[in-house]
Amino acid sequence: QRRSTRPVIGEALLRRALPELDLDVLVAVVHALHRAAAVLSITFQRLRGLRRRRALGGAQRGSADREAGGGGVVGGDPSHAGLLPRDERRAQLLSAALEVFTSAGYHAAAMDEIADRAGVSKPVLYQHFPSKLDLYLAVLDLHVDQLVYSIQRAIASTHENADRVKATVDAYFNFIEEEGEAYRLLFESDMSVEPAVRERLTRMTYDCAAAVSAVIAADTGIPDEAAMLLGIGLVGTAQFTARYWLAGLCANFAALMRA
């Protein structure tokens with residue numbers, strides 16, 4: 001097939017950013033961008049399915065909450081929480097903290113409320129986490145590691161690019177579906193200006209993009225800097241697409257998917 005002599009869209013931008021890039025490498029970058037378009041297509045298909053399940057799941061959770069009476073404190077009394085192994089208690093506290101932080105935000109969240117939600121006394125909570133910030137960072141660390149591991153495992157699950165793309169997109173949106181509160185904490189945090197929080201969120205984006213860029217560099221032979229640029233772009237696309245959908249900003253989502 002004859003190669004087109006028309007200038008590639010974005011070629012001037014790429015040449016300014018990476019002046020050492022030769023034509024063959026530029027073509028490889030364009031092919032990688034074509035694969036990015038495939039990622040978007042699969043992403044939209046995934047979002048359509050998630051939207052349906054989200055509506056159904058919300059109705060089911062509301063029914064379950066009404067049946068349970070909206071409790072949250074074991075036995076209705078923190079003093080009845082009972083003794084748990086340290087790891088189990090920590091997991092219980094992190095789960096309660098996630099619920100409170102995502103519903104109230106960091107600044108409005110109170111340690112008293114988190115302790116009540118976990119069914120423990122406040123001194124027990126402080127035995128595990130000396131401050132509210134320490135607790136918040138522990139919640140972030142847990143879910144940052146979970147998301148990054150899911151992406152890395154999906155990328156390593158196959159050597160077929162089409163299957164790899166699907167597995168990676170599925171892993172990302174499975175995390176949103178199963179850990180929706182955690183996703184909101186990671187990407188809609190009201191603490192992103194806090195240096196320790198910002199460092200963790202930056203590391204999360206970098207680690208996900210690094211996993212993607214390693215495959216791009218291996219498959220295309222483009223420089224690591226160019227591969228990382230594409231990796232950051234793909235991760236950012238997934239993040240903002242998910243945030244747009246979760247915010248309910250796409251009222252005619254189903255119609256767009258059929259178009």
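The figures that follow rest on heavy atoms only: side chains count, while hydrogens, waters and symmetry mates do not. Numbering starts at 1 and runs along the sequence shown.
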For this session: Sorted by first residue and then second, give each side chain to side chain donor-acceptor pair (under 3.5 Å) pair with at least one member in residues 130-141; sequence neighbours left out.
Result: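 Of all non-adjacent pairs touching residues 130-141, those that pass side chain to side chain donor-acceptor pair (under 3.5 Å) are Ser131-Asp134, Tyr136-Ser189, Asp141-Arg200.
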
Answer yes if [X] and [Y] sit in the same cluster of Ile, Leu, Val, Met, Phe, Trp and Tyr residues linked by side chain heavy atoms under 4.5 Å apart, and no otherwise.
{"X": "Met228", "Y": "Leu230", "value": "no"}
{"X": "Ile222", "Y": "Ile232", "value": "no"}
{"X": "Val144", "Y": "Leu147", "value": "yes"}

Exercise. Ring pair (Phe, Tyr, Trp, His ring centres under 6.0 Å): which pairs involve residues 207-235, sequence neighbours left out?
Worked result: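 Ring pair (Phe, Tyr, Trp, His ring centres under 6.0 Å) check on residues 207-235 returns no pairs.
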
Nearest 0.5 angstrom please: [X] [atom1] to [Y] [atom2], how far?
{"X": "Leu125", "Y": "Gln92", "atom1": "CG", "atom2": "CD", "result": "10.5 Å"}
{"X": "Asn174", "Y": "Ser150", "atom1": "CG", "atom2": "OG", "result": "8.5 Å"}
{"X": "Thr205", "Y": "Leu186", "atom1": "OG1", "atom2": "CG", "result": "9.5 Å"}
{"X": "Arg198", "Y": "Leu201", "atom1": "CZ", "atom2": "CG", "result": "9.5 Å"}
{"X": "Leu234", "Y": "Ser213", "atom1": "CG", "atom2": "OG", "result": "10.0 Å"}

Taking all non-hydrogen atoms of both residues into account, name the closest pair between [X] and [Y] and its distance.
{"X": "Ala182", "Y": "Phe175", "value": "CB-CZ, 4.1 Å"}
{"X": "Arg164", "Y": "Asp219", "value": "NH1-OD2, 3.8 Å"}
{"X": "Cys208", "Y": "Val148", "value": "SG-CG2, 4.0 Å"}
{"X": "Gln152", "Y": "Ala211", "value": "CG-CB, 4.1 Å"}
{"X": "Val124", "Y": "His128", "value": "O-CD2, 3.2 Å"}
{"X": "Ala154", "Y": "Ala171", "value": "CB-CB, 3.8 Å"}

Problem set entry | With sequence neighbours excluded, residues passing salt bridge (charged side-chain N to carboxylate O under 4.0 Å, His left out) with Asp145 |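 By the salt bridge (charged side-chain N to carboxylate O under 4.0 Å, His left out) rule, Asp145 matches Arg203.
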
Exercise. Which residues satisfy the salt bridge (charged side-chain N to carboxylate O under 4.0 Å, His left out) test with Glu179, sequence neighbours excluded?
Worked result: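 Not a single residue meets the salt bridge (charged side-chain N to carboxylate O under 4.0 Å, His left out) criterion with Glu179.
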
Could you list the donor-acceptor pairs under 3.5 angstrom formed by side chains in residues 94-102, with sequence neighbours left out?
unit_1, atom_1, unit_2, atom_2, d
Glu99, OE1, Arg117, NH1, 2.8
Thr102, OG1, Leu98, O, 2.7
Thr102, OG1, Glu99, O, 3.1

For this session: List the steps, then state whether side chain to side chain contact (heavy atoms under 4.5 Å, CB included) holds for Leu93 with Arg90.
Result: CA-CA 5 Å; Leu93 297 175; Arg90 180 181 174 87; 5.7 Å; no

Which pairs would a plain distance check flag for residues 105-112, meaning a side-chain donor or acceptor within less than 3.5 Å of a matching protein atom at least two apart in sequence or in another chain?
unit_1, atom_1, unit_2, atom_2, d
Tyr106, OH, Leu133, N, 3.3
Asp112, OD1, Lys122, NZ, 3.1

Exercise. Does atom OH of Tyr206 have more than 12 heavy-atom neighbours from other groups under 6.0 Å away?
Worked result: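 Count not over threshold, so no.
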
Exercise. Any side-chain heavy atom of Phe129 within less than 4.5 Å of one from Leu137?
Worked result: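 No, every pair of side-chain atoms sits at 4.5 Å or beyond.
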
Exercise. Do Glu178 and Tyr183 touch side chain to side chain, with heavy atoms closer than 4.5 Å?
Worked result: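 They are not in side-chain contact.
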
For this session: Please test Leu185 against Glu181 for side chain to side chain contact (heavy atoms under 4.5 Å, CB included), starting from the C-alpha separation and ending with a verdict.
Result: CA-CA 6 Å; Leu185 189 75; Glu181 290 181 329; over 6 Å; no

For this session: For Leu140 and Met191, run side chain to side chain contact (heavy atoms under 4.5 Å, CB included): C-alpha distance rounded to whole Å, both residues' side-chain angles, the deciding distance at 0.1 Å, then the answer.
Result: CA-CA 11 Å; Leu140 276 183; Met191 281 287 286; over 6 Å; no

For this session: Show your working on side chain to side chain contact (heavy atoms under 4.5 Å, CB included) between Asp207 and Ile151 and close with a plain yes or no.
Result: CA-CA 9 Å; Asp207 287 349; Ile151 297 300; over 6 Å; no

